[in-house]
**Student:** 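I'd like to ask some things about the structure below.
Per chain, numbering begins at 1; letters A, B, ... match sequence-line order.
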Amino acid sequence: MNAPSKAAISPTRAANFPEWYQQVIKAADLAENSDVRGCMIIKPWGWGIWENVQRQLDVMFKATGHVNAYFPLFIPLSFLEKEAEHVEGFAKECAVVTHHRLEARDGKLVPAGELNEPLIVRPTSETIIGAAYARWVQSYRDLPVLINQWANVVRWEMRPRLFLRTAEFLWQEGHTAHETKEEALAETEKMLGVYEKFAREHLALPVFTGEKSESERFPGAVSTLCIEAMVQDRKAIQAGTSHFLGQNFSRASGIQFTTREGGQELAWTTSWGVSTRLIGTLIMAHSDDDGLVLPPRVAPSQIVILPVLSKPDSRSAVLQAAEELATKLRTQTAFGEPVRVEIDQRDAGGGVKNWEWIKKGVPLRVEIGPRDIEKASVAVSRRDRGPKEKEFPVQAEFVASVGSILESIQSGLLARATAFRDEHTRTLDSAEEFRAFFTPQNSEQPEIHGGFALAHWDGTAETEEKIKSELKVTIRCIPRGTETEAGVCPWSGCPSKQRVVFAKSY
RNA sequence: CGGGCUGUGGCUCAGCUUGGUAGAGCGCUUGAAUGGGGUUCAAGAGGUCCCGGGUUCAAAUCCCGGCAGCCCGACCA
């Protein structure tokens, strides 16, 4: 059957974006829902992406002077109470451990051995890390403390979605303590820069950076910086945050040090994190109606070799040629790392296997069969082009150029995502334009609409709330620095210091 | 925590209105064919019809009570 127009994923993005997202994950075999509501099983292909994210980010953290450590999963309930705003932000979604033993009763296991003080499963670790820092930091000579941890956290979400919002998720959380406010602020900026660079260069995601408004700020932070990406339904997604915590958590945890002058002062702290949500962002930003599209830099395998095993008599020669090709490709580098190659030797139909790899988003598919061996060529398909498009380079030339091909796919994805974002980012000056931009044409079955709006805002929570309740549009970030342009808030008529980024969000 | 819907082989679901031998597609196993592509044919395995109670000669089907899940709201650094 040739049905070139048939998409591998049903429904398509245009037909039903949320359902398309779920089907892409399923078709690419990234993850699935588990027996525990809200908790996901990350399958090998999905985990492979996370391993690359982890490894590559970890290098960047080390390069900026950070070291890794590990803090406990459980936090005494009383710790959470120490920072008032923090309590308000997290109490509603905490999992609580109240017992430490099970006893058999009437054939069922029931909790026994109640704890003196309940423990919460960490929703974030500021409080327990703060308590440790309070012991570790005595003098200005002990500062700065620059520690990161890779961990899981639990936030009991009411409406989970694979990778985007799950009850348990994986992340990294950096926690630093500094002698001065300026130094802590600089740290917050520096790590935001790391996230921006990682998103752009590794995930091929162009992001807006800026500061959160008060209503979107991390509970307990003085200020929250963020990176915001646009995905293909034109919604915004917060992909990473970096918080300046001032002395709030130092005060709560008692992180106090002797200054150079001999006085006592509270340390200035920061925290910053990205999570498995990055994978959800990646999926929604780059994938198409044939399934996942992976930036080569984070693809678990960058190349899959598909031996054409159609004729029994050529089978062993083809397999051997595939092995030799893989070995040659592995001597090549892309992005400064050895190229990652796997061979799919499964005894299944060639077409079936080919489509599986399209759906898994592997950047390059290389077929090698009897005819290729004769001609010393290979058949190469790129995931950023049509599923039927093939090129037939001479094998040696392909091997020599594979690094630059992968790099061009990577930069192509970034260019495409950037063009998409720019196309759907508007500068708006009136409430009418704003409403039109964010209101779907068909209210019965809302189509993909809107995007990012750069508009003036009077800086008040009231205006922000008004827009949110009317249009479900929120301020994603307040860009800093560069060409700020004063104007008038279209909602209140009050003066505005600068334009901010509005969007519907995940 | 409110409103709606659904629980039937591994998966997606039909059957329920009007009670009478447990079904389909996909997947799986085996065999054959096919072979630069999203396969075809044949045979086979696999089910406490969510749980408990009731009505009945007889319940997947009707009634009552649980439990679980999904969707829409509310909530969501």
Side-chain angles (χ1 to χ4, degrees), chain A residues 1-10 16 18-19 22-23 26-27 32-38 83 85-94 122-126 153-161 164-167 169 171 173 212-226 237-245 271-275 277 290-291 306-315 318 344 347-359 365-375 377-381 387-388 390 392 446 468-469 472 474 505-506:
Chain A
M1 289 296 262
N2 51 344
S5 61
K6 184 179 157 196
I9 301 298
S10 169
N16 184 344
E19 182 61 21
Q22 310 236 63
Q23 293 304 322
K26 193 174 169 185
E32 63 186 38
N33 283 312
S34 73
D35 297 316
V36 181
R37 180 184 154 79
E83 216 293 329
E85 286 182 26
H86 202 58
V87 177
E88 213 176 307
F90 286 111
K92 280 175 289 185
E93 46 191 47
C94 277
R122 61 179 166 220
T124 178
S125 303
E126 275 75 6
V153 288
V154 168
R155 296 180 189 176
W156 213 262
E157 298 290 351
M158 293 311 287
R159 190 169 297 177
R161 297 188 65 186
L164 298 178
R165 182 174 293 115
T166 47
F169 59 92
W171 76 347
E173 45 179 327
K212 284 294 185 190
S213 65
E214 189 181 349
S215 68
E216 299 268 335
R217 193 181 291 158
F218 177 73
V222 174
S223 63
T224 289
L225 305 181
C226 64
I237 183 162
Q238 177 176 302
T241 48
S242 182
H243 313 292
F244 170 62
L245 304 175
S271 67
W272 29 274
V274 296
S275 72
R277 180 180 249 204
D290 286 326
L306 297 161
V308 178
L309 304 170
S310 53
K311 297 174 182 66
D313 54 335
S314 63
R315 188 186 168 91
V318 169
D344 184 354
D347 192 15
V352 172
K353 292 205 292 189
N354 191 35
W355 277 97
E356 276 184 27
W357 288 105
I358 293 172
K359 288 184 277 190
R365 309 187 298 282
V366 179
E367 298 165 31
I368 184 162
R371 301 209 299 256
D372 303 300
I373 295 172
E374 265 174 47
K375 291 187 288 184
S377 66
V378 285
V380 178
S381 307
K388 305 284 185 189
K390 268 190 213 181
F392 302 90
K468 184 179 177 182
S469 58
K472 294 186 177 169
T474 52
S505 75
Y506 277 94

**Student:** Rounding to an integer number of Å, can you tell me how far A:W355 CH2 sits from B:rG36 C1'?
**Tutor:**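 Rounding to the nearest Å, CH2 of A:W355 and C1' of B:rG36 are 15 Å apart.
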**Student:** Closest to the A:P370 side chain: B:rG38, B:rG36, B:rC76?
**Tutor:**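 The closest nucleotide is B:rG36.
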**Student:** Using a heavy-atom cut-off of 4.0 Å across all strands, would you classify A:K212 as base, sugar-phosphate, or nothing?
**Tutor:**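 Counting heavy atoms under 4.0 Å across all strands, no contact is made by A:K212.
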**Student:** Can you tell me how far P in B:rC62 sits from the matching atom in B:rG69, rounded to whole Å?
**Tutor:**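 Taking atom P in both B:rC62 and B:rG69, they lie 24 Å apart.
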**Student:** I want to verify a distance call: between B:rG36, B:rC75, B:rG38, whose nearest atom is closest to the A:K92 side chain?
**Tutor:**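 Looking only at heavy atoms from C-beta outward on A:K92, the closest nucleotide is B:rC75.
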**Student:** Report which part of the nucleic acid A:V308 touches: base, sugar-phosphate, or nothing (heavy-atom distance under 4.0 Å, all strands).
**Tutor:**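 Base contact - A:V308 has a heavy atom under 4.0 Å of at least one base atom.
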**Student:** Sticking with atom C1', work out how far B:rA24 lies from B:rC49, rounded to a whole angstrom.
**Tutor:**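 That atom pair is separated by 15 Å.
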**Student:** Locate the shortest heavy-atom distance separating A:R277 from A:L164; write the atom from each residue and the value.
**Tutor:**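 Where A:R277 meets A:L164 most closely, the heavy atoms are NE-O, 3.0 Å.
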**Student:** Just to be sure I understand: a Watson-Crick pair is purine N1 to pyrimidine N3 plus N6-O4 or O6-N4, both under 3.5 Å. Using that and G-U wobbles, which stems of three or more pairs involve RNA chain B?
**Tutor:**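 Looking at RNA chain B, the stems formed by three or more consecutive pairs are B:1-7 with B:67-73, B:10-13 with B:23-26, B:28-33 with B:39-44, B:50-54 with B:62-66.
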**Student:** Hey, does the side-chain of A:D372 have a donor or acceptor N/O within less than 3.5 Å of a partner on the base of B:rG36?
**Tutor:**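 Indeed, a donor on one side and an acceptor on the other fall under 3.5 Å apart.
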**Student:** Atom CD of A:E374 and atom C1' of B:rG36: how far apart are they, to the nearest Å?
**Tutor:**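 That distance rounds to 13 Å.
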**Student:** Please give the distance between the P atoms of B:rG9 and B:rA22 as a whole number of Å.
**Tutor:**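 Roughly 15 Å separates the two P atoms.
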**Student:** If you only use heavy atoms from C-beta on, which nucleotide in B:rG38, B:rC76, B:rG36 is closest to the side chain of A:R165?
**Tutor:**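 Closest of the options to the side chain of A:R165: B:rC76.
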**Student:** For A:E19 and B:rC70, give me the distance from atom CD to atom C1', rounded to whole Å.
**Tutor:**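 For the pair A:E19 CD and B:rC70 C1', the rounded distance is 12 Å.
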**Student:** Could you state the NZ-P distance from A:K26 to B:rC26, rounded to the nearest angstrom?
**Tutor:**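 Whole-Å distance recorded here is 16 Å.
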**Student:** What's the NZ-P distance between A:K468 and B:rC75, to the nearest Å?
**Tutor:**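 Distance check: A:K468 NZ to B:rC75 P gives 7 Å.
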**Student:** Which whole number of Å gives the distance between the P atom of B:rG52 and that of B:rC5?
**Tutor:**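 Each nucleotide's P atom is 25 Å from the other's.
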**Student:** Reckon A:G89 touches a base, only the sugar-phosphate, or nothing at all at heavy-atom distances under 4.0 Å?
**Tutor:**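 It contacts nothing in the nucleic acid.
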**Student:** In this structure, how many angstroms lie between the P atom of B:rG35 and the CG atom of A:D347, rounded?
**Tutor:**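 In whole Å, B:rG35 P and A:D347 CG are 15 Å from each other.
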**Student:** What is the nucleic acid contact for A:F169, judged by heavy atoms within less than 4.0 Å: base, sugar-phosphate only, or nothing?
**Tutor:**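 Base contact.
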**Student:** Assign A:A379 to base, sugar-phosphate, or nothing according to its heavy-atom contacts below 4.0 angstrom with the strands shown.
**Tutor:**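 Since a base atom lies under 4.0 Å of A:A379, the category is base.
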**Student:** Using atom P of each nucleotide, how far apart are B:rA68 and B:rC57 to the nearest Å?
**Tutor:**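 Here B:rA68 and B:rC57 have their P atoms 35 Å from each other.
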**Student:** Please give the distance between the P atoms of B:rC13 and B:rC67 as a whole number of Å.
**Tutor:**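 Taking atom P in both B:rC13 and B:rC67, they lie 24 Å apart.
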**Student:** I need the CH2-C1' distance between A:W156 and B:rC75, as an integer number of Å.
**Tutor:**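 Atom-to-atom, A:W156 to B:rC75, this comes out as 16 Å.
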**Student:** Under 4.0 angstrom, heavy atoms only, what part of the nucleic acid is A:R371 near: base, sugar-phosphate, or nothing?
**Tutor:**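 Counting heavy atoms under 4.0 Å across all strands, the contact made by A:R371 includes a base.
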**Student:** What distance, rounded to whole Å, do you find between the two P atoms, one in B:rC41 and one in B:rG27?
**Tutor:**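 My reading of the P atoms in B:rC41 and B:rG27 gives 11 Å.
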**Student:** Using a 4.0 Å heavy-atom cut-off across all strands, classify A:E216 as base, sugar-phosphate, or nothing.
**Tutor:**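 Counting heavy atoms under 4.0 Å across all strands, the contact made by A:E216 is with sugar-phosphate only.
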**Student:** Closest to the A:E93 side chain: B:rC76, B:rG36, B:rG38?
**Tutor:**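 Side chain of A:E93 sits closest to B:rC76.
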**Student:** Say we look at B:rG15 and B:rG47: how far apart would their C1' atoms be, to the nearest angstrom?
**Tutor:**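 The same atom, C1', in both gives a distance of 15 Å.
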**Student:** Judged by each residue's nearest nucleotide on RNA chain B, which is more toward the 5′ side, A:S275 or A:Q22?
**Tutor:**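 Looking at the nearest nucleotide for each, A:Q22 comes out on the 5' side.
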**Student:** Between atom CG in A:N33 and atom P in B:rG10, what is the gap in whole Å?
**Tutor:**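 Spelled out: CG on A:N33 to P on B:rG10 is 19 Å.
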**Student:** Just compare B:rG36, B:rC76, B:rG73 and give me whichever is closest to any side-chain atom of A:K472.
**Tutor:**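 The closest nucleotide is B:rG73.
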